[in-house]
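Only a predicted model underlies this, so the values are computations on that prediction, with no experimental measurement involved.
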Amino acid sequence: MCYDERHFDTAKELVDFIESNESESFRTAGKFEATTVGRGLHIFRGQSDSTWEIVPAVFRNLTAPPHPLSDFAAQLPGIYEKTTDKHQWLQSQLHAELWSVSEFLNTADKLGITTPINYFQTIKAIDSNIYGDKEENSQQDFPPIAIIEGIALAQHHGIPTRLIDWTESPLIACFFAAYGASNLVSDGKRENSANIAIFCFNVVTLSRSNKIVQVEAARHRNNFLRQQKGLFTYIPTANSYFIKNGSWPSLEDIICEENSSGSLKKYTLPSSQADELLRILFDYDITKHHLMPTLDNIAHSHRYIKKLWPQF
């Protein structure tokens with residue numbers, strides 16, 4: 001295991017720990033240093049099941065249906081098996097990833113919906129990768145920087161990509177960990193986990209990594225990203241890792257590979273505390289409608305409150 005882990009029994013204990021001086025991981029550092037990223041020297045991620053590895057959505061379900069892009073791409077790679085031709089399967093996977101983002105942007109343009117990116121430049125870059133040198137796409141640097149912002153936008157609207165979401169705020173990470181395991185989610189979609197997890201990643205170690213890249217899409221053009229204090233990481237060598245190992249890399253795999261133990265910390269909390277954690281976060285204006293301020297979420301803000309405080 002290439003990370004440090006600590007368990008908390010109650011939501012209050014976790015939030016008190018975040019707000020205390022006990023852990024430097026959560027404290028704002030280098031207030032006047034131009035090289036400091038965001039609020040401090042760490043970025044954070046919440047997951048509704050502590051047993052999950054840190055892998056992007058599009059890398060899941062490699063050997064079993066449904067494919068993550070089954071609702072977004074017309075042509076999908078088949079189920080990957082040991083006898084599958086890795087190179088051929090990978091080309092189908094890359095086509096599905098790129099096509100999903102391209103279709104998202106093209107449909108928005110056809111409907112006259114403005115997207116906060118350079119549309120023509122992004123589409124041109126995507127098309128050159130879909131129809132260009134397929135062998136080149138299998139090499140280390142994928143996806144190219146020119147299409148990262150388009151991929152980030154697609155991800156924030158529900159399309160699985162190979163970007164991993166992070167936030168500069170540990171409390172926002174707590175929200176995303178708690179929400180999927182809470183009573184705000186219907187029984188059929190709620191994560192049935194024993195514990196939720198908040199990950200804390202040292203950005204100094206990240207900046208020295210040769211295999212994990214941090215990406216900050218422009219927040220002034222992405223409202224969700226701005227409200228969530230969001231940024232992304234991805235593994236540009238994921239394709240070559242797949243060809244070598246027949247599996248996609250998790251963030252933990254790369255950290256172990258680079259001998260960066262201690263750069264990642266994991267804080268866990270019983271899933272039964274998810275609702276209580278969301279009630280505490282409500283007083284910080286950390287809710288679904290604050291972090292994803294759409295008119296639909298705002299319209300349902302009263303329902304959000306009623307589910308957290310059913311006794312009123």
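- Asn245 meets the side chain to side chain donor-acceptor pair (under 3.5 Å) test with no other residue; sequence neighbours excluded.
- Here salt bridge (Lys or Arg N to Asp or Glu O under 4.0 Å) pairs that include residues 279-308, with residues two or more places apart or in two chains, are Glu276-Arg279.
- Between His7 and Tyr267, the distance from one ring center to the other does not fall under 6.0 angstrom.
- Ion pair Glu97/Arg162 flagged as a salt bridge, since at least one NZ, NE, NH1 or NH2 atom sits closer than 4.0 Å to an Asp/Glu carboxylate oxygen.
- The list of salt bridge (Lys or Arg N to Asp or Glu O under 4.0 Å) pairs with a residue in residues 179-191, not counting sequence neighbours, reads Asp187-Arg190.
- Of the possible donor and acceptor atoms, none in the side chain of Ser102 sits under 3.5 Å from a partner among the backbone N and O of Trp99.
- The six-membered or imidazole ring of Trp166 lies away from that of Phe232, with a centre-to-centre distance of 6.0 Å or more.
- Between the side chain of Thr107 and the backbone N or O of Phe104, no donor-acceptor pair lies under 3.5 Å.
- Residues Thr10 and Gln273 bring no donor and acceptor atom of their side chains to less than 3.5 Å of each other.
- For the side-chain contact (heavy atoms from CB on, under 4.5 Å) with Gln155, the lone residue among Val101, Ile164, Leu225, Asp165 that qualifies is Asp165.
- Within the structure, every pair that satisfies the salt bridge (Lys or Arg N to Asp or Glu O under 4.0 Å) test and touches residues 235-259, not counting sequence neighbours, is listed here: Lys211-Glu257.
- With sequence neighbours left out, Ser100 forms a side chain to side chain donor-acceptor pair (under 3.5 Å) with no residue at all.
- The backbone N or O of Gly78 lies less than 3.5 Å from a partner atom in the side chain of Trp89, making a donor-acceptor pair.
- In this structure, a donor-acceptor pair under 3.5 Å is absent between the side chains of Gln228 and Arg226.
- For the side chain to side chain donor-acceptor pair (under 3.5 Å) test, residues two or more places apart in sequence or in another chain that qualify with Ser193 are Ser271.
- Side-chain contact between Lys229 and Ile172 is present, with at least one heavy-atom pair separated by less than 4.5 Å.
- Checked by atom type, the side-chain pair Ser20/Asp16 shows no donor-acceptor distance below 3.5 Å.
- For His67 and Gln93, the side-chain atoms include at least one donor-acceptor pair closer than 3.5 Å.
- Counting heavy-atom neighbours within 6.0 Å of His157 NE2, excluding the residue itself, gives a total above 12.
- Note: Phe282 and Trp309 have perpendicular aromatic rings, judged against thresholds of 30 and 60 degrees for the angle between ring planes.
- Annotation: Leu295, atom CG; neighbour count of heavy atoms from other residues, nucleotides and ligands within 6.0 Å does not exceed 12.
- Of the N and O atoms on the side chains of Ser92 and His95, not one donor lies less than 3.5 Å from an acceptor on the other residue.
- Less than 6.0 angstrom separates the ring centroid of Phe17 from the ring centroid of Phe8.
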